[in-house]
Amino acid sequence: MTDANLAREVAALRQQLAQRSRSLEEAEARYHAVFNSALNPMSICTTDGIILDVNQAALRAIGVQIEAFIGKHLWESPWFAQNPQEAAKVETAITRHRGQYIEYESDVLSPSGERRTFQFVLRPYRSYVGADARFLVLEVHDNTAARAKAPIQDAQELPVRPAETTHA
């Protein structure tokens with residue numbers, strides 16, 4: 001290979017690298033725009049339940065910095081500090097029903113000391129249909145007003161629906 005050919009090859013590789021870096025930056029910006037503009041608290045975890053990211057709604061809900069979450073098991077996070085029974089349910093959901101869709105409601109003590117009814121939705125994220133779960137997404141909805149007149153679903157029988165997953 002001549003010096004001129006080598007220089008062209010290096011220039012082409014640099015151009016490809018720059019384009020891929022721009023694409024990655026754009027993908028990260030879209031991720032943060034969607035994740036952090038969500039109105040409901042959300043968390044992304046490994047399939048073992050270790051927190052990788054927490055959105056702004058979740059941080060605002062309890063007034064804690066993100067560093068208090070990252071790297072901890074979901075059930076050991078500040079969300080469940082006042083709710084050890086709920087922490088045990090989440091741990092069971094993640095360890096027993098690994099990689100499956102789980103949804104349930106539960107009465108939880110809020111950081112302000114008020115009893116609230118929350119719907120917990122734990123969804124696996126898969127790269128493609130049939131793949132193993134790569135991440136878990138926890139989304140929390142405050143259903144207190146909607147459930148004031150209706151009984152809550154017993155969290156002892158967690159509905160497991162492996163067909164409902166998120167794909168790339």
Side-chain angles (χ1 to χ4, degrees), residues 24-25 27-127 131-162 164-168:
L24 179 59
E25 288 172 3
E28 286 178 357
R30 286 189 303 271
Y31 161 83
H32 286 291
V34 171
F35 188 65
N36 285 316
S37 68
L39 300 176
N40 292 314
M42 295 176 69
S43 176
I44 297 176
C45 306
T46 67
T47 56
D48 294 325
I50 296 173
I51 300 171
L52 301 172
D53 203 356
V54 177
N55 74 352
Q56 291 299 310
L59 298 174
R60 281 191 307 271
I62 62 172
V64 176
Q65 296 297 313
I66 195 166
E67 293 79 16
F69 290 92
I70 303 302
K72 292 185 179 174
H73 282 100
L74 188 58
W75 55 90
E76 296 169 340
S77 74
W79 280 327
F80 304 109
Q82 295 180 358
N83 298 286
Q85 290 177 318
E86 195 59 40
K89 290 177 194 174
V90 171
E91 181 178 11
T92 298
I94 290 173
T95 57
R96 185 202 264 159
H97 305 291
R98 192 173 304 276
Q100 296 180 318
Y101 179 95
I102 298 168
E103 179 178 334
Y104 68 94
E105 288 184 342
S106 192
D107 280 335
V108 174
L109 189 64
S110 73
S112 66
E114 176 184 8
R115 282 258 170 230
R116 313 273 312 160
T117 300
F118 289 99
Q119 176 187 27
F120 294 87
V121 180
L122 191 62
R123 295 175 288 137
Y125 171 82
R126 303 174 195 287
S127 295
D132 288 338
R134 294 184 59 199
F135 305 104
L136 299 175
V137 178
L138 173 69
E139 189 169 356
V140 180
H141 304 273
D142 188 343
N143 289 348
T144 304
R147 293 293 180 224
K149 298 177 185 175
I152 64 169
Q153 180 178 341
D154 184 3
Q156 300 304 314
E157 294 296 323
L158 300 176
V160 178
R161 296 181 284 201
E164 296 184 35
T165 59
T166 305
H167 306 284

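Taken from CD in Glu91 to NZ in Lys89, the straight-line distance is 14.0 Å, to the nearest 0.5 Å. Atom CG in Asp132 sits 11.0 Å away from atom CZ in Arg98 (nearest 0.5 Å). Distance check: Phe120 CZ to Glu103 CD gives 12.0 Å after rounding to the nearest 0.5 Å. Here the NE2 atom belonging to His32 is positioned 12.0 Å from the OG atom belonging to Ser37, to the nearest 0.5 angstrom. If you take SG on Cys45 and NE2 on His73, they are separated by 9.5 Å, rounding to the nearest 0.5 Å.
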Show, in sequence, the C-alpha distance, side-chain angles and deciding distance for Val121 and Tyr101, and conclude whether the side chain to side chain contact (heavy atoms under 4.5 Å, CB included) test is met. CA-CA 8 Å; Val121 180; Tyr101 179 95; 3.6 Å; yes
Verdict with supporting geometry, Ile66 and Leu59, side chain to side chain contact (heavy atoms under 4.5 Å, CB included): CA-CA 7 Å; Ile66 195 166; Leu59 298 174; 4.0 Å; yes
Step by step, would you call Ile50 with Leu74 a side chain to side chain contact (heavy atoms under 4.5 Å, CB included)? CA-CA 6 Å; Ile50 296 173; Leu74 188 58; over 6 Å; no
Tell me, with the steps shown, if Leu122 and Val137 meet side chain to side chain contact (heavy atoms under 4.5 Å, CB included). CA-CA 6 Å; Leu122 191 62; Val137 178; over 6 Å; no
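Counting heavy atoms from C-beta outward, Asp53 and Phe135 have side chains that stay 4.5 Å or more apart. Counting heavy atoms from C-beta outward, Tyr125 and Thr47 have side chains that stay 4.5 Å or more apart. Taking the side chain as every heavy atom from C-beta outward, Phe35 and Met42 approach each other to under 4.5 Å. Considering only heavy atoms from C-beta on, Gln100 stays 4.5 Å or farther from Pro124 through its side chain. For the pair Asn143/Phe118, no side-chain contact is recorded, criterion being any heavy-atom separation below 4.5 Å from C-beta on. Val140 places none of its side-chain heavy atoms less than 4.5 Å from the side chain of Asp142.
Not counting sequence neighbours, Arg134 has no partner by the salt bridge (charged side-chain N to carboxylate O under 4.0 Å, His left out) test. Applying the ring pair (Phe, Tyr, Trp, His ring centres under 6.0 Å) rule to Phe80 yields no partners; only residues at least two apart in sequence or on another chain are considered. Looking at residues two or more places apart in sequence or on another chain, you find a salt bridge (charged side-chain N to carboxylate O under 4.0 Å, His left out) between Glu114 and Arg116.
Under a 3.5 Å cut-off, the side chain of Arg123 and the backbone N or O of Leu136 do not form any donor-acceptor pair. Judged purely by atom type and a 3.5 angstrom limit, Asn55 uses its side chain to pair as donor or acceptor with the backbone of Ala58. Counting only distance, with no hydrogens or angles, the side chain of Thr46 and the backbone of Ile51 share no donor-acceptor pair below 3.5 Å. Within the 3.5 Å criterion, the main-chain N or O of Thr117 finds a donor-acceptor partner in the side chain of Thr144. At least one donor-acceptor pair under 3.5 Å links the side chain of Asn36 to the backbone N or O of Gln56.
The local environment of CD in Glu28 is crowded, with over 12 non-hydrogen atoms from other residues, nucleotides or ligands closer than 6.0 Å. More than 12 heavy atoms of other residues, nucleotides or ligands sit less than 6.0 Å from atom CG of Leu24.
Evaluation of the salt bridge (Lys or Arg N to Asp or Glu O under 4.0 Å) test over residues 62-71, restricted to residues two or more places apart or in two chains, returns none. Pairs engaging residues 68-77 under the salt bridge (Lys or Arg N to Asp or Glu O under 4.0 Å) rule: none recorded [sequence neighbours left out]. Under the ring-ring contact (aromatic ring centres under 6.0 Å, His included) criterion, the residue pairs touching residues 47-70 are Phe69-Trp79, with sequence neighbours excluded.
The minimum heavy-atom distance between Ile62 and Pro78, with the atom names listed, is CD1-CB, 3.7 Å.
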